[in-house]
Amino acid sequence: MQWTGSFIPTLREAPADAEAASHKLLVRGGYIRQLHSGHYSLLPLGLRVHAKVESVVRQGMEEIGAQEFLLPAMHPAWLWQRTDRWDTMGPEMFRLQDRKQADLALAMTHEEAFTQIFCEISSYRSLPQIWYQIQWKFRDEPRPKSGLLRVREFAMKDSYSFDLDDEGLDRSFNAHYEAYSRTFKRLSLDAIAVEASSGAMGGTASVEFVVPSAIGEDDIVRCKECGYAANVERATSKAVSPPAEDTVNTTSDEPIPFPTPGVRTIADLEKFKGGAPAYRQIKTMAMMLDGELTLALLRGDHQLNLQKLSDTTGASDIRPATSEETLQKLGAHPGSLGPVGVTEHPIIADLVLQSQSGLTTGANKDDLHYSQVDMSRDVKVSQWVDLRSVDHGEPCVHCGAPLEMLRCIETGHIFKLGRRYAEAFGATLLDDKGVEQTITMGSYGIGIGRAVAAIAEIHHDERGLTWPTRVAPYEVVITVTNISDRNTMEAAERIYEDLQNAGVEVLIDDRDVRAGVKFADAELIGIPWRITVGRDIAQGEVELIERATGKLEKIPVVNISHYTAGRIASQLKASQTIR
RNA sequence: CGGGACGUGGCGCAGUUUGGUAGCGUGCCUGCUUUGGGAGCAGGAGGCCGCCGGUUCAAAUCCGGCCGUCCCGACCA
């Protein structure tokens with residue numbers, strides 16, 4: 001491609017509202033433009049990178065035997081009503097009506113649509129199946145942000161596995177795990193696979209692939225010693241035990257009430273005469289779960305993890321109870337709440353509290369607390385679960401080493417869905433004994449545009465983007481320092497043709513501008529290899545510069561095309577063959 | 001949804017306090033000079049000052065309403 005005549009609108013300055021590095025550079029480099037919040041146009045360079053990322057993702061899918069489809073982006077309401085997600089998806093789903101006032105949705109994912117097609121299969125002999133597509137998804141995000149990282153309209157590779165039994169699902173899930181690991185390596189992303197919450201997808205297990213980056217929105221904990229990694233929404237750790245010298249006096253047979261005027265917080269009670277250290281208190285959080293008051297109990301120095309509470313209860317609408325609600329239902333305002341004697345509301349307690357005694361907590365009467373509370377004796381716990389948030393530095397559950405916390409971009413997510421969708425659609429078939437079985441499913445996603453942004457986020461420097469060759473919009477840029485010098489221009493054009501004939505994707509900068517402008521633009525848009533044809537042409541040489549390293553080689557003109565094509569081919573092959 | 005910031009040629013900004021001819025840098029066009037790290041000089045094009053309403057002889061500027069964008073939080077596969 002010739003630069004002259006191409007639409008590569010580079011900018012010297014980034015738009016004022018761009019904050020993320022990938023956002024600034026993709027705009028400055030002429031890759032994307034914003035139409036409105038959360039909706040970006042891909043310009044020619046942007047589309048080329050997007051397509052390359054797609055091709056890497058496709059390779060990974062084809063390697064596990066997945067078959068490519070393309071389903072509609074616009075769905076009838078009934079499809080989503082089958083699984084109840086027409087209602088449960090809420091405002092995040094774009095909805096519209098056609099001229100007949102029939103309800104439609106812009107698809108945010110395609111479990112329903114694929115499962116509906118799967119119903120044509122009626123024999124176990126057809127299994128397993130893995131189906132995928134690369135398709136536009138629409139999600140009415142509350143807050144789009146950071147350029148391509150969080151948008152309302154984006155391409156996603158989504159795949160779906162269909163198996164007869166749990167072992168089959170495990171195989172399909174593991175195949176995706178391996179495929180995703182390879183795919184992110186090929187994209188030059190150091191993705192970490194972490195245990196995650198399944199959220200609105202439901203299902204039994206899910207793993208996120210995340211790339212460490214400060215611009216991300218997911219916090220994960222990781223153990224450097226044993227490799228344990230999980231999203232904070234799910235992560236667990238060994239609770240730090242109270243100091244050994246702090247022995248508990250458990251002589252009392254029942255909780256002892258004591259007045260605590262003005263005490264409203266854990267910290268207040270720590271300082272209060274006759275109070276207790278935080279780790280010896282029960283933190284009682286009155287929560288409204290889909291409108292029902294529920295007590296969530298934690299050790300005083302621990303924090304409630306809302307996602308864990310949501311995952312264990314299945315509640316979708318979770319909020320703290322108001323002080324009017326706690327007064328009415330429990331008899332006190334927040335600050336004096338406690339679980340002792342509470343029987344009419346569910347009590348969900350964190351595992352750390354199990355069989356603890358000598359604890360202090362509110363007495364459900366303002367300005368009154370109990371000491372000497374024994375969890376097993378005094379509290380009617382309906383469910384023991386892991387409820388607390390993990391903190392930086394806590395010991396790993398597996399090996400005890402301190403956990404580190406990392407801010408990450410979520411680039412992929414794989415789910416074991418189980419039979420929920422199959423049941424809703426009646427996706428059954430006959431097994432080898434002629435018995436009807438409901439199949440089990442998995443669903444798996446990679447956001448293409450987000451992957452583009454993540455790569456840009458990782459691969460750039462102060463001068464611009466530094467694309468890995470596999471995803472670069474062009475593999476080589478030929479910078480002609482002076483197009484009006486005939487020797488220079490002719491040599492450049494010969495190299496251009498030779499490279500094209502060798503199958504290399506090459507951009508020739510034939511613009512009538514000064515060399516400095518061309519160097520700056522080439523570095524900004526981040527083409528991995530640059531051939532500078534200029535002053536050395538008198539000696540029959542040109543320069544080959546690797547963008548990412550800045551390494552410069554002087555190469556005879558007669559060898560340059562062959563040499564460069566070879567370097568690129570070996571890079572591409574290295575990426576292709578990652579296992 | 002709560003908090004904050006912002007909206008003026010393609011991009012970056014000043015001007016708004018104190019109402020009075022819409023400005024600077026960059027980019028763009030033309031010419032001459034220059035030509036390996038975002039050149040110099042000269043000439044030129046380009047703006048419903050986010051939108052609607054109000055106040056006023058007069059509004060980018062003051063008042064009211066609305067819309068939009070970004071950031072933090074909430075939320076979110």
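Per chain, numbering begins at 1; letters A, B, ... match sequence-line order.
Within the structure, the salt bridge (charged side-chain N to carboxylate O under 4.0 Å, His left out) test picks out the following pairs touching residues 514-529 of chain A (sequence neighbours left out): A/Arg463-A/Glu523, A/Arg511-A/Asp521, A/Glu523-A/Arg530. Note on residues 16-39 of chain A: no pairs pass salt bridge (charged side-chain N to carboxylate O under 4.0 Å, His left out), not counting sequence neighbours.
As a whole-Å value, the separation of A/Arg152 CZ from B/C70 C1' is 15 Å. Rounded to a whole Å, the CZ atom of A/Arg143 is 15 Å from the P atom of B/G3. Spacing between atom CD1 of A/Ile318 and atom C1' of B/A74 amounts to 14 Å, rounded to whole angstrom units. Counting to the nearest Å, the P atom of B/C75 and the CE atom of A/Met89 are 18 Å from each other. For A/Lys137 and B/C76, the NZ to C1' distance is 17 Å, given to the nearest whole Å.
For A/Phe114, the ring-ring contact (aromatic ring centres under 6.0 Å, His included) criterion is met by A/Phe69, A/Tyr160, not counting sequence neighbours. Residues that satisfy the side-chain contact (heavy atoms from CB on, under 4.5 Å) test with A/Arg264, not counting sequence neighbours, are A/Asp268, A/Ser336, A/Asp367. When the ring-ring contact (aromatic ring centres under 6.0 Å, His included) test is applied to A/Tyr177, the partners found at least two apart in sequence or on another chain are A/Phe209. Among residues two or more places apart in sequence or in another chain, the side-chain contact (heavy atoms from CB on, under 4.5 Å) test is passed with A/Ala179 by A/Ile64, A/Arg182. Taking the ring-ring contact (aromatic ring centres under 6.0 Å, His included) definition, one finds that A/His39 meets it with A/His36, sequence neighbours left out. For A/Asp536, the side-chain contact (heavy atoms from CB on, under 4.5 Å) test picks out A/Gln539, A/Glu541, A/Glu543, A/Lys554, with sequence neighbours left out. Remark: A/Tyr474 pairs with no residue by the ring-ring contact (aromatic ring centres under 6.0 Å, His included) rule, at least two apart or across chains.
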Letter by letter from the 5' end, nucleotides 7-12 of chain B scores (B base, S sugar-phosphate only, - none; protein heavy atoms under 4.0 Å) ----SS
In B/S/- notation (B base, S sugar-phosphate only, - none; protein heavy atoms under 4.0 Å), nucleotides 47-52 of chain B written 5' to 3' is ------
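Within the nucleic acid shown, A/Ala515 comes within 4.0 Å of sugar-phosphate atoms alone, with no base atom in reach, counting heavy atoms only. If you check every strand for non-hydrogen atoms under 4.0 Å, A/Arg530 touches a base. Among the heavy atoms of the strands lying under 4.0 Å from A/Glu523 is at least one base atom, whether or not backbone atoms are also near.
B/A60 and B/C52 have their C1' atoms separated by 16 Å, given to the nearest Å. Atom name P, nucleotides B/G7 and B/G12: the rounded distance is 11 Å, in whole Å. Distance check on atom P: B/G53 versus B/G10 gives 24 Å, rounded to whole Å. For B/C62 and B/C49, the P atoms lie 15 Å apart once the distance is rounded to whole Å.
Pair assignment for B/C70 gives B/G4, based on Watson-Crick or G-U wobble hydrogen-bonding distances that are each under 3.5 Å. Nucleotide B/G10 forms a pair with B/U26, judged by Watson-Crick or G-U wobble geometry with both contacts under 3.5 Å.
Contact check on A/Arg150 versus A/Glu217 returns a salt bridge, with a Lys/Arg side-chain nitrogen under 4.0 Å from an Asp/Glu carboxylate oxygen. The pair A/Arg407-A/Asp219 meets the salt-bridge criterion, with a side-chain N (NZ, NE, NH1 or NH2) lying under 4.0 Å from an Asp/Glu carboxylate O. The pair A/Arg85-A/Glu111 counts as a salt bridge, with a side-chain nitrogen and a carboxylate oxygen less than 4.0 angstrom apart.
For A/Arg28 and B/G38, a side-chain-to-base donor-acceptor distance below 3.5 Å is present, hydrogens and geometry of angles not being considered.
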Distances under 3.5 Å between protein N/O atoms and the N/O atoms of nucleotides 29-34 of chain B, please, pair by pair.
from  : atom 1 : to       : atom 2 : distance (Å)
B/U34 : O2     : A/Arg514 : NH1    : 2.8

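Between A/His36 and the phosphate of B/U69, there is a side-chain N or O to OP1/OP2 separation shorter than 4.0 Å.
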